[in-house]
Structures are given as structure tokens and as C-alpha cells.
> 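Let me give you the structure first, and then I'll get to my questions.
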Amino acid sequence: RPAGRRVNDIRTFRNARSLYAIDTLLGIAGDASDDSYVRTVACETLGWYRESVCREKIITALSEVLKNETDAPESVVREIRKTIKRLRWE
């Protein structure tokens, strides 16, 4: 699927936050072979899950991506850090 179409699909979960989407979004965010813009949007979308019962799960998974993927694109790294900060309510 084209990246632009995937981005639009991912963004629907900003306002229609579904617990069932979290694992898929985390999978996209952590997939080093995926398009960096799509990964960035997935990370940004996860930042909208501030009130989710899965907030800690998201923080842990994104922290693991930062720790394990040392050559991640800067846009992805920056968005992961912002998302973790949002979810921690900092």
C-alpha cells in the first residue's frame, strides 16, 4: 500500500483510539524496514493514547525501540521521545 494511504489510515486512530490498534501501531513504529514517515506518524498517533490503560505498555515498547534500534531515522527517534513525554504527562 502506498505510504500516503497508510498514513491516512493510521491517523484515524488519533480520535478513534482503539485498544486493538495499539499492537499494530507499535509494530509499525518498531519496523526498521518500514517507511520512516509512516513510522513517525504511527509514533505520533500513539501519543494520543494518554488516557489509555495501555499507556505503560506503549511507553515500554517505544523505549525498547529507542534502545535496540541505534540507527533509527532522526524523525522517528524525535517522535518517539515526544510521544513518551506526552504519555508520561511531562
> Listed by chain and number, what are the salt bridge (Lys or Arg N to Asp or Glu O under 4.0 Å) partners of Lys85, not counting sequence neighbours?
none
> Do the side chains of Arg6 and Asp34 get close enough for a salt bridge, i.e. N-O under 4.0 angstrom?
yes
> Please report the interatomic distance CD(Glu79) to OG(Ser36), rounded to the nearest 0.5 Å.
12.0 Å
> Quick one: list whatever passes side-chain hydrogen bond (donor to acceptor under 3.5 Å, both in side chains) with Ser18, sequence neighbours left out.
none
> Quick one: which residue pairs count as a salt bridge (Lys or Arg N to Asp or Glu O under 4.0 Å) with a foot in residues 19-29, not counting sequence neighbours?
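Applying salt bridge (Lys or Arg N to Asp or Glu O under 4.0 Å) to every pair that reaches into residues 19-29, excluding sequence neighbours, yields Asp23-Lys57.
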> On a heavy-atom basis, which atom in Glu69 and which in Ala32 lie closest, and how many Å separate them?
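Here Glu69 and Ala32 meet closest at OE2-CB, 3.6 Å.
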> With sequence neighbours excluded, tell me which residues meet side-chain hydrogen bond (donor to acceptor under 3.5 Å, both in side chains) with Asn15.
none
> Once rounded to the nearest 0.5 Å, what's the spacing between atom CZ of Arg81 and atom SG of Cys43?
12.0 Å
> Each residue besides Ile59 in its hydrophobic cluster should be listed here, by chain and number; the cluster joins Ile, Leu, Val, Met, Phe, Trp and Tyr at side-chain heavy-atom distances under 4.5 Å.
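Under the 4.5 Å side-chain rule, Ile59 groups with Val7, Ile10, Phe13, Leu19, Ile22, Leu25, Leu26, Ile28, Tyr37, Val38, Val41, Leu46, Tyr49, Val53, Ile58, Leu62, Val65, Leu66, Val76, Val77, Ile80, Ile84, Leu87.
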> With Asn8, which residues qualify under side-chain hydrogen bond (donor to acceptor under 3.5 Å, both in side chains), at least two apart?
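Scan of Asn8 (side-chain hydrogen bond (donor to acceptor under 3.5 Å, both in side chains), adjacent residues dropped) gives none.
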> Would you please name every residue forming a salt bridge (Lys or Arg N to Asp or Glu O under 4.0 Å) with Glu74, sequence neighbours left out?
Arg78
> Tell me, please, which residues at least two apart from Arg55 pass salt bridge (Lys or Arg N to Asp or Glu O under 4.0 Å).
none
> Flag the pair Arg14 and Glu44 as a salt bridge only when some basic side-chain nitrogen lies within less than 4.0 angstrom of an acidic carboxylate oxygen.
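Answer for the salt bridge query: yes.
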> Where is the tightest heavy-atom contact between Ser63 and Arg88, given as atom of each residue plus distance?
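Distance-wise, the nearest heavy atoms are OG-NH2, 4.4 Å.
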> How is the hydrophobic cluster of Trp89 composed, in terms of its other members, when Ile, Leu, Val, Met, Phe, Trp and Tyr link through side-chain heavy atoms under 4.5 Å apart, directly or indirectly?
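Reading the cluster by chain and number, Trp89 sits alone, since nothing else belongs.
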> For Ser33, check side-chain hydrogen bond (donor to acceptor under 3.5 Å, both in side chains) against everything at least two apart and list the hits.
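side-chain hydrogen bond (donor to acceptor under 3.5 Å, both in side chains) list for Ser33, sorted by chain: Asp31.
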> Under the salt bridge (Lys or Arg N to Asp or Glu O under 4.0 Å) rule, collect the residues that match up with Glu56, sequence neighbours excluded.
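Glu56: no salt bridge (Lys or Arg N to Asp or Glu O under 4.0 Å) contacts found.
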